[in-house]
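The figures that follow rest on heavy atoms only: side chains count, while hydrogens, waters and symmetry mates do not.
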Amino acid sequence: MFDLHTRQLKERAMALFLCGDLWRHVEPNTITAASLLPGVACAWLASRGQLDWALACWVLNRFLDGLDGVVARKYGKSSDFGGYLDICIDFTVYALIPVGIAVAHDDAAVYLATMLLLSTYFVNAAGLFFLAAILEKH
């Protein structure tokens with residue numbers, strides 16, 4: 001329920017950004033693929049301790065991640081592949097950022113905490129994806 005409300009707010013805010021026909025000619029998958037660059041840059045910058053720049057890249061990554069879906073829905077370009085590409089890039093970025101932060105600290109305890117964090121995240125995600133597949137059957 002909360003997600004539905006926040007999605008509606010995001011859609012309205014992004015709609016202001018989509019004035020004119022410029023975005024009609026941009027493929028949502030191109031926006032999705034482009035979001036990988038600032039996501040990877042965020043992790044790399046975090047690993048170097050440049051947290052201000054890492055944060056800026058993370059914000060750009062999140063903006064592009066929201067924009068791709070809005071463009072797809074507004075111009076009727078939604079696709080299963082687009083959803084798949086989006087989640088693959090999201091998971092890649094979500095995995096790389098904690099690793100980048102851990103590398104910056106270069107401490108065994110931080111590495112262990114990062115491994116536990118990522119393990120929990122991916123086990124949880126796998127369970128949710130499996131549940132979604134089961135629920136779609138019924």
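- For CD of Glu136, the number of neighbouring non-hydrogen atoms (other residues, nucleotides, ligands) closer than 6.0 Å is 12 at most.
- Applying the 6.0 Å contact sphere to CG of Asp80 captures no more than 12 heavy atoms from other residues, nucleotides or ligands.
- Heavy atoms of other residues, nucleotides or ligands lying less than 6.0 angstrom from OH of Tyr111 number more than 12.
- Contact of the Leu55 side chain with the Trp58 side chain is registered, since non-hydrogen atoms from C-beta on lie closer than 4.5 Å.
- Thr32 and Asp86 get closest at one heavy-atom pair: CG2-CA, 3.6 Å.
- No path of Ile, Leu, Val, Met, Phe, Trp and Tyr side chains, each step under 4.5 Å between heavy atoms, connects Ile87 with Leu96, placing them in separate hydrophobic clusters.
- Side-chain atoms of Val99 and Leu118, non-hydrogen and from C-beta on, do get closer than 4.5 Å to each other.
- A continuous path of Ile, Leu, Val, Met, Phe, Trp and Tyr side chains, each step under 4.5 Å between heavy atoms, connects Val70 with Tyr75, placing both in one hydrophobic cluster.
- Sparse packing is recorded around CG of Asp52, with 12 or fewer heavy atoms of other residues, nucleotides or ligands lying under 6.0 Å away.
- Residue Phe81 comes nearest to Asn29 through the heavy atom pair CD2-ND2, 3.5 Å, listed as atom of the first residue, atom of the second, then distance.
- Ring-centre distance between Phe91 and Phe129: below the 6.0 Å cut-off.
- Rounded to the nearest 0.5 Å, atoms CG (Asp90) and OG (Ser35) are 6.5 Å apart.
- Counting heavy atoms from C-beta outward, Cys57 and Leu45 have side chains that approach closer than 4.5 Å.
- Smallest separation of non-hydrogen atoms from Arg62 and Tyr94: NH1-OH, 3.2 Å.
- Between the side chain of Ser119 and the backbone N or O of Leu116, no donor-acceptor pair lies under 3.5 Å.
- Placement of Leu112 and Phe122 in two distinct hydrophobic clusters is found when ILVMFWY residues are connected by side-chain heavy-atom separations under 4.5 Å, directly or transitively.
- A salt bridge is defined here as a Lys NZ or Arg NE, NH1 or NH2 lying under 4.0 Å from an Asp or Glu carboxylate O, and Glu11 with Arg73 meets this definition.
- Using a 4.5 Å heavy-atom cutoff, the side chains of Trp23 and Leu67 are in contact.
- Follow the hydrophobic side-chain contacts under 4.5 Å out from Leu85 and you reach Leu36 in the same cluster.
- Two different hydrophobic clusters hold Val103 and Ile101 under the rule that ILVMFWY side chains link at heavy-atom gaps under 4.5 Å.
- Leu64 has its side chain out of reach of Asp68: every pair of non-hydrogen atoms, C-beta onward, lies at least 4.5 Å apart.
- Looking only at side-chain heavy atoms (C-beta outward), Glu27 and Ile31 stay at 4.5 Å or farther from each other.
- Between Gly39 and Ile97, the closest heavy-atom pair is O-CG1, 4.3 Å.
- Scanning both residues, Val26 and Lys77, for their nearest heavy atoms gives O-NZ, 3.5 Å.
- Heavy-atom minimum distance, Gly49 versus Ala104: N-CB, 4.3 Å.
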Go through Trp53 and Arg48 one step at a time and tell me if the side chain to side chain contact (heavy atoms under 4.5 Å, CB included) criterion holds.
CA-CA 10 Å; Trp53 285 108; Arg48 304 248 183 275; over 6 Å; no
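- Between Lys10 and Asp65 there is no salt bridge, since no side-chain nitrogen of the basic residue lies less than 4.0 Å from a carboxylate oxygen of the acidic one.
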